[in-house]
Amino acid sequence: MNEIDAQQFWQAGDREAYITTRMNGKTAAGLMPTRAVAARWYNLMTIVSETSGDIWIHRDGEKVWWTISTSEQPTFERKTEPVGFKRDVIVCHKPCAEWSDRSRIGQELFWRSLHPKAKDFLSTEATLQELSEDYAAYTTALIDGADLSDWHSRPLWRRKNDNAKAQHNPVTSYDEKRIAAYREASERMALTVLKTVKTANSQEVVRTLKDKKFLFNDQASLERHILELVERQEHRCALTDLRLDYDERGGDKQFFCSLDRIDSSGHYEPGNLQIVCRFVNFWKGASDDGEFRRLIKEVRTIRSAD
């Protein structure tokens with residue numbers, strides 16, 4: 001869905017005007033959206049309206065549902081949001097096949113029965129995320145009711161499953177686990193900042209060092225700020241829009257969330273921090289933020305052209 005004022009810009013294909021309009025609003029969490037978030041909102045309506053022949057996956061409670069979009073044209077409806085801000089919005093309806101909670105051979109698809117690794121990339125927190133080629137192949141096999149042992153026997157998948165069994169707690173909900181992971185990640189990043197600042201300020205000057213000042217009241221205030229950034233960015237990397245990984249015990253370490261100073265010559269303070277994937281932070285290094293974003297955009301343009 002789009003807000004009424006923004007819909008006109010989407011229909012006209014005016015991406016910049018749309019982004020500017022949406023950045024003046026708020027996210028579902030009540031936060032001011034970043035440019036990356038507003039740009040993704042622009043893409044969502046396009047994805048839904050243009051999908052055809054694509055498999056869609058959705059989790060509803062303990063059931064996993066799937067459908068395939070059709071080539072029929074979308075329809076648009078003006079209505080008031082049933083929850084949240086109660087805004088007047090334009091909702092896009094795209095025809096699809098009847099949703100099913102069973103595989104093609106009749107097996108019921110339960111969320112609790114999925115492999116822990118599959119839960120990671122099928123999580124509904126990643127709104128309309130396109131799966132990688134390998135994950136898409138796994139999901140197709142899951143829907144077909146085919147043999148999944150090729151994936152489950154891989155070392156990373158086995159470790160993920162073993163870790164999940166070791167940490168299993170039947171009274172802890174999925175949301176509680178997720179929140180705990182966010183907090184664990186924020187604490188890790190905050191401690192890394194404190195260690196970095198201490199090292200920079202106490203090291204003997206034998207070469208030019210970056211002046212890194214900690215301008216928060218304490219570690220707790222930094223952690224709160226990090227959690228706010230995570231929500232504002234909708235759990236996406238601020239530079240690449242890739243989904244962040246919070247699982248420190250079996251996930252892909254390159255996608256773990258990492259705290260980045262927008263201006264690397266600046267300090268650790270509100271307004272100069274963003275959350276990015278670990279590998280992105282490594283690649284960016286001390287590069288200018290605007291220049292790094294330009295290069296990322298160039299890579300995307302080349303990939304789209306290919």
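Side-chain polar atoms of Trp10 and Thr46 form a donor-acceptor pair below 3.5 angstrom. Inspection of the Trp56 and Thr51 side chains reveals an N or O donor paired with an N or O acceptor under 3.5 Å. Defined by atom type and a distance below 3.5 Å, a donor-acceptor pair is present between the side-chain atoms of Asp147 and Ser149.
Panel note: side chain Asn2, backbone Ile90; no donor-acceptor pair is recorded below 3.5 Å. Here the side chain of Arg104 pairs no donor or acceptor atom with the backbone of Ile143 at under 3.5 angstrom. In terms of modelled atom types and a separation under 3.5 Å, the side chain of Trp99 and the main chain of Ile68 share no donor-acceptor contact. Side-chain N or O atoms of Thr67 include one that pairs as donor or acceptor with a backbone N or O of Ala97 at under 3.5 Å. Judged purely by atom type and a 3.5 angstrom limit, Arg15 has no side-chain atom pairing as donor or acceptor with the backbone of Ala17.
Rounding to the nearest 0.5 angstrom, the gap separating the CD1 atom in Ile262 from the CG atom in Asp289 is 6.0 Å. To the nearest 0.5 Å, atoms CG (Asp241) and CZ (Arg243) are separated by 12.5 Å. Once rounded to the nearest 0.5 Å, the distance linking NZ of Lys284 with CD1 of Ile296 reads 11.0 Å. Annotation: the span from Leu44 atom CG to Met1 atom CE amounts to 10.5 Å, rounded to 0.5 Å. The line from CD of Glu62 to CZ of Arg112 is 5.5 Å long, rounded to the nearest 0.5 Å. Atoms CD1 and CZ, from Ile19 and Arg35 in turn, are 4.5 Å apart once rounded to the nearest 0.5 Å.
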Legend entry - Stepwise salt bridge (charged side-chain N to carboxylate O under 4.0 Å, His left out) check, Asp134 with Arg154: CA-CA 13 Å; Asp134 186 51; Arg154 297 176 184 177; 2.8 Å; yes

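In this structure, Met45 and Phe76 have side chains that are in contact, with non-hydrogen atoms separated by less than 4.5 Å. For the pair Lys117 and Leu156, the minimum side-chain heavy-atom distance is below 4.5 Å. The shortest distance between side-chain heavy atoms of Leu131 and Leu122 falls below 4.5 Å. Within the 4.5 Å cutoff, the side chain of Asp144 has no heavy atoms near those of the Ile105 side chain.
Cation-pi check for Lys63 over Phe110 is met; the charged atom lies under 6.0 angstrom from the ring centroid and within 45 degrees of its normal.
Under a hydrophobic clustering in which Ile, Leu, Val, Met, Phe, Trp and Tyr are joined whenever their side-chain heavy atoms come within less than 4.5 Å, directly or via other members, Phe121 and Leu114 fall into the same cluster.
Residue Glu77 qualifies as enclosed at atom CD: its count of foreign heavy atoms under 6.0 Å is above 12.
You'll find the ring centres of Trp151 and His115 outside the 6.0 Å limit.
The aromatic rings of Tyr138 and His152 sit tilted relative to each other, their planes meeting at an angle between 30° and 60°. Ring orientation note: the planes of Trp283 and Phe279 are nearly perpendicular, at an angle over 60° on the 30°/60° scale.
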